[in-house]
Amino acid sequence: MSWLRFFLKQQFKTLPSVDSFRVDLSGKTVIVVGSNVGLGLEAARHFASMMGREEEGGKLILACRNVQKGEAALESIKTSTGFSGIEVWEVDLADFSSIKAFATRFEKDGGGHLDLLVMNSGLTTIEFVETKDKWESQLQVNFLGTAHLSLRMLPFLSKASRTGPCPRLVIVASDMHFNAHLSTKVLNSKNILEALNDKDLSRRTMHTRYSVTKLFDIMLVRALVARLPSSSPVEVDAANPGLCESSLLRNFDSGIFGVITGIFKFLFARPTEEGGRSIAYAAIAGHSSEGGHEKSFHGEFISTCEVTPVSTFAVSKEGKIVEDRIWTELIDILSRIDESIPNIVSVYLQ
Ligand SMILES: NC(=O)c1ccc[n+]([C@@H]2O[C@H](COP(=O)([O-])OP(=O)(O)OC[C@H]3O[C@@H](n4cnc5c(N)ncnc54)[C@H](OP(=O)(O)O)[C@@H]3O)[C@@H](O)[C@H]2O)c1
């Protein structure tokens with residue numbers, strides 16, 4: 001299906017109400033990464049409304065790169081839901097050392113296990129901006145950092161007891177992965193991620209970079225699912241909220257791009273709450289306490305609250321080759337900057 005047809009269908013669909021998939025998250029530990037604003041904030045608000053009372057021991061961690069903004073989000077969620085077991089923890093996905101510090105803190109203060117992890121942080125820009133770790137910013141935040149934190153939290157997810165929808169890892173992807181294009185130069189290069197990190201090679205393709213990183217998020221889910229042993233309790237899926245009101249397009253707020261994105265949002269964007277609802281659905285729906293539907297979202301693309309096929313490329317023979325190549329490259333990169341990665345891969349994946 002072309003992206004446009006897919007997009008129009010998804011934007012006009014009525015989403016299920018939150019009450020139709022609400023679960024009891026009392027006593028659970030839930031992390032939403034990138035939850036100070038936008039869809040992450042609204043997804044976190046939905047989770048908080050299901051976490052009972054603070055005395056039941058549940059903890060909602062708002063993982064944000066700006067603690068002050070995170071504290072404002074915490075107050076907003078506390079006021080609207082009455083749940084007060086919320087903490088703000090700092091993490092910057094554009095900084096591998098910040099991710100390591102977050103995981104180390106969780107090991108000490110997290111309570112041993114993690115029930116839900118929603119990797120929601122993301123950005124889009126057509127500028128080639130280099131992070132302090134010397135990676136193109138979208139490649140690092142949307143993919144490398146997302147994968148790094150997911151892997152670092154895998155041991156804690158693996159320790160959670162299997163109850164209802166938990167433990168689950170949700171990677172927030174996008175229908176924009178349908179538009180991903182990898183040039184022949186990139187595909188013929190020795191290393192795909194390094195080629196994409198080459199400023200000269202990327203000069204004419206930055207307009208597709210966001211889509212490429214979202215394709216890699218889909219491939220990350222598929223690669224993890226292929227490697228998680230069947231005995232692992234961890235369920236992994238990809239969420240697509242569809243086009244929603246948020247600050248995602250903050251880098252396109254002026255000039256011709258500003259006009260185009262403004263019109264598009266005016267015509268098609270869902271309210272921010274609905275985006276958060278789609279993410280919450282991917283995190284807690286698709287299970288049955290009576291059994292029979294266990295892990296039914298494992299490896300799936302949950303687009304606007306529905307299990308949906310991914311792009312033809314993602315499931316093609318060529319796509320699988322790219323998936324395997326970027327997995328190998330990813331583990332190689334992460335193992336160089338984080339000595340705990342090889343051990344996590346050998347103990348928790350096969
Ligand atoms: N909105 C849509 O139409 C749409 C459609 C499909 C998919 N998505 C996906 O949904 C997710 C949420 O996006 P949104 O629409 O809610 O956008 P948003 O309002 O811009 O929120 C993005 C979140 O990511 C955080 N973030 C950005 N860079 C980060 C970094 N280096 N480290 C940690 N956190 C970082 C932001 O923090 P700051 O506020 O500090 O920058 C913010 O909390 C993204 O993955 C996006 O790709 C969105």
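Every number for a ligand or one of its atoms is a count from 1 in the order of the listing.
The distance from ligand 1 to the heavy atoms of Ala94 drops below 4.0 Å at these ligand atoms: 31 (N). Here is the list of ligand 1 atoms found below 4.0 Å of a heavy atom in Arg250: 18 (P), 20 (O), 36 (C), 38 (P), 39 (O), 41 (O). If you number the atoms of ligand 1 from 1 as listed, the ones under 4.0 Å from a heavy atom of Leu243 come out as 3 (O).
Counting heavy atoms closer than 4.0 Å to ligand 1, residue Leu123 contributes nothing at all. No part of Ile279 comes within 4.0 Å of ligand 1, judged by heavy-atom distances. At a heavy-atom cutoff of 4.0 Å, ligand 1 is contacted by the side chain of Lys214 but not by its backbone.
In this model, a donor atom of one side chain and an acceptor atom of the other lie less than 3.5 Å apart for Asn240 and Ser303. A donor-acceptor contact under 3.5 angstrom links the side chains of Glu87 and Trp89, judged on distance only. In this structure, a donor-acceptor pair under 3.5 Å is absent between the side chains of His177 and Asp217. Judged purely by distance below 3.5 Å, without hydrogens or angles, the side chains of Thr124 and Arg250 never pair a donor atom with an acceptor atom.
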Take Glu90 and Arg65 through the salt bridge (charged side-chain N to carboxylate O under 4.0 Å, His left out) test and state the conclusion after the steps. CA-CA 5 Å; Glu90 188 176 341; Arg65 65 174 162 169; over 6 Å; no

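The protein heavy-atom contact nearest to atom 39 (O) of ligand 1 is Asn36 ND2, 2.9 Å. Annotation: atom 21 (O) of ligand 1 to nearest protein heavy atom, Val37 CG1, 3.7 Å. With hydrogens left out, the protein atom closest to atom 46 (C) of ligand 1 is Tyr210 OH, 3.5 Å, a heavy atom. For atom 31 (N) of ligand 1, the closest non-hydrogen atom of the protein is Asp92 OD1, 2.8 Å. Ranking the protein heavy atoms by distance from atom 45 (O) of ligand 1 puts Asn120 O, 2.7 Å first. In terms of protein heavy-atom proximity, atom 35 (C) of ligand 1 is closest to Ser121 OG, 3.4 Å.
Between Phe12 and Phe7, the ring centre distance reaches or exceeds 6.0 Å.
Contact between Gly242 and ligand 1 is present, with at least one heavy atom of the residue lying under 4.0 Å from the ligand. Remark: distances from the non-hydrogen atoms of Ala173 to ligand 1 include one below 4.0 Å.
Among Gly34, Gly38, Gly122, Cys64, the residue whose heavy atom lies nearest to atom 22 (C) of ligand 1 is Gly122.
Looking at heavy atoms from C-beta onward, Leu60 lies in side-chain contact with Leu62 at the 4.5 angstrom threshold.
No salt bridge links Lys199 with Glu130; every basic N to acidic carboxylate O contact stays at or beyond 4.0 Å.
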